[in-house]
Amino acid sequence: MTAQPTTTAKPKVHRHRVMGFFAGLLFGVGLVLMLFVYGIIAMTWVPLAIAAGVGALLGIVFASVVPGRTPKPKQ
Amino acid sequence: MTRSHGRRITIAVFAALLVAAVPVGAALGADATGCSGSATSFDATGAPLDQVSAPGSGGTMDDPFVVDLEGTVAWEGSTEVVLQDGGWSVKTNSVTIASGDIGANEEGTTAKSGTYNTAELPEITRYYLQGKAIVPVSVEMNAPAGSCSGTVWITADQPPAFTPMWLTGLALMLLAFVLFWFIIFRTFVWVHPETGRLIETEYVPEEYGEGYEAEHRVIASPPPDPGKGASS
C-alpha cells in the first residue's frame, strides 16, 4: 500500500499547546533554580516569575510552530 | 522553523532575560536607613569567615556576606533614635522568618550586640542558602519615634552539585525536555491514502489502521467532515 495522500484538503496538525505550556514552565523554573544554586543570579522572586512566564509563553509558541510529522506506512 | 532552531531561540531568550536581570540585582547592596550595624561570621571551628557593614562594605549581591550554616555570626547595631513600643521583623524574599516586639525599652537603649548561632536559622532560610545561592535578608524595626530598615545579601558558598535545589532544577529541566521531545515527535499530519480523509483520532481505528504502524497514530479527536476535503 502506498502512503501518498490522495486528497487536496489542507492537512491539519494536532498541536500540543497545553503540553508546551507546562514544558516551558518547567524548563524556565528548572533553569532559574540552577542559576540560583550556582549563584549566577540572586535568589529573588523576579527572575523566577519572569522565567516561568516567558518559559510558558515560549513553550506554547514552540508547540504551535513545530513541524508536524507524517506517519510511516507499513512496508 | 526547525526543531533545533526553535530550541535555540528559547534558550537565547531565557539567557538574555536572565543576564538583563543581573545588573538590576547588582544595584541592590547592603543598605540601612535609620540605623547602622556590622557583623562578622565564623565557621564551625571559630575561624572568621567574612565581615559586613550596613551601610558600608560587603553584603552586596556582587560581594555577599558569607556565613557557615553550622557557625556563628557576631553582630552589633545601633539606631539613630530610641525605639520604644514597636515591632521588628526579619524577611527573606518578602517572607517573614522572624518577628517580635521591641518592648518598652525604658533604658533608652540605642545600641545592641550579640552572637547568633546560624544552626538556629529557620528551615526556609536554610533551604534558600543551598550551594552558592545569594539570598537577600531584610531587617525592619518600626516604632512611633522612628524606624530602621536594612538589607544584606548573604550566601553559604557551598558546592552546588547534588543539593536539593540543584536536583530539583535538574529534574524539572529533564522533565521539560521529555515533554518537548513528546511535542516534537507526537505532532502529526496524517491524511489517509485511500479515503483522503484527515485522520485525527486518539487511536487508529481498525478500518483506517491498516497500512500504518500503530505507534504513529494521531492524537486528536474531531470527527472527519465528509463535506470537506474527503474524496470518498
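So you know, we letter chains A, B, ... as the sequences are listed, proteins then strands, and number each from 1.
Note: B:F177 and A:F27 meet the aromatic proximity criterion, with ring centroids under 6.0 Å apart.
Residue B:F42 places its CZ atom among more than 12 non-hydrogen atoms of other residues, nucleotides or ligands, all under 6.0 Å distant.
Taking chain B as the reference chain and counting heavy-atom pairs below 4.5 Å, the highest number among A:V37, A:T44, A:L33 is found for A:V37. When the candidates B:T155, B:T92, B:I183 are compared by the number of heavy-atom contacts under 4.5 Å with chain A, B:I183 comes out ahead.
Within residues 129-138 of chain B, the residues that have a heavy atom under 4.5 Å from a heavy atom of chain A are B:Q130, B:G131, B:K132, B:A133, B:I134, B:V135, B:P136, listed by number.
Across B:M165 and A:F36, no two heavy atoms sit closer than the pair SD-CB, 4.1 Å. Across B:A176 and A:A23, no two heavy atoms sit closer than the pair CB-O, 3.3 Å. For the residue pair B:W153 and A:A42, the shortest heavy atom distance occurs at CZ3-CB, 3.2 Å.
Note that the CE atom of A:M19 and the CZ atom of B:F182 stand 4.5 Å from one another [nearest 0.5 Å]. Remark: A:H16 NE2 to B:I184 CD1 distance equals 11.0 Å, nearest 0.5 Å. To the nearest 0.5 angstrom, A:Y38 atom OH is 8.0 Å from B:T163 atom OG1. Put simply, CG on B:L179 and CG on A:L25 are 10.5 Å apart, with the number rounded to the nearest 0.5 Å. Interatomic distance, CE of B:M173 versus CG of A:L26, reported as 11.0 Å (0.5 Å rounding).
Taking the salt bridge (Lys or Arg N to Asp or Glu O under 4.0 Å) definition, one finds that B:R126 meets it with B:E70, sequence neighbours left out. In terms of the side-chain hydrogen bond (donor to acceptor under 3.5 Å, both in side chains) criterion, residue partners of B:D43 (sequence neighbours excluded) are, by chain and number, B:T45. Judged as a side chain to side chain contact (heavy atoms under 4.5 Å, CB included), and not counting sequence neighbours, A:A49 has no contacts.
Checking side-chain atoms of B:N93 against main-chain N and O of A:W45 turns up no donor-acceptor pair under 3.5 Å.
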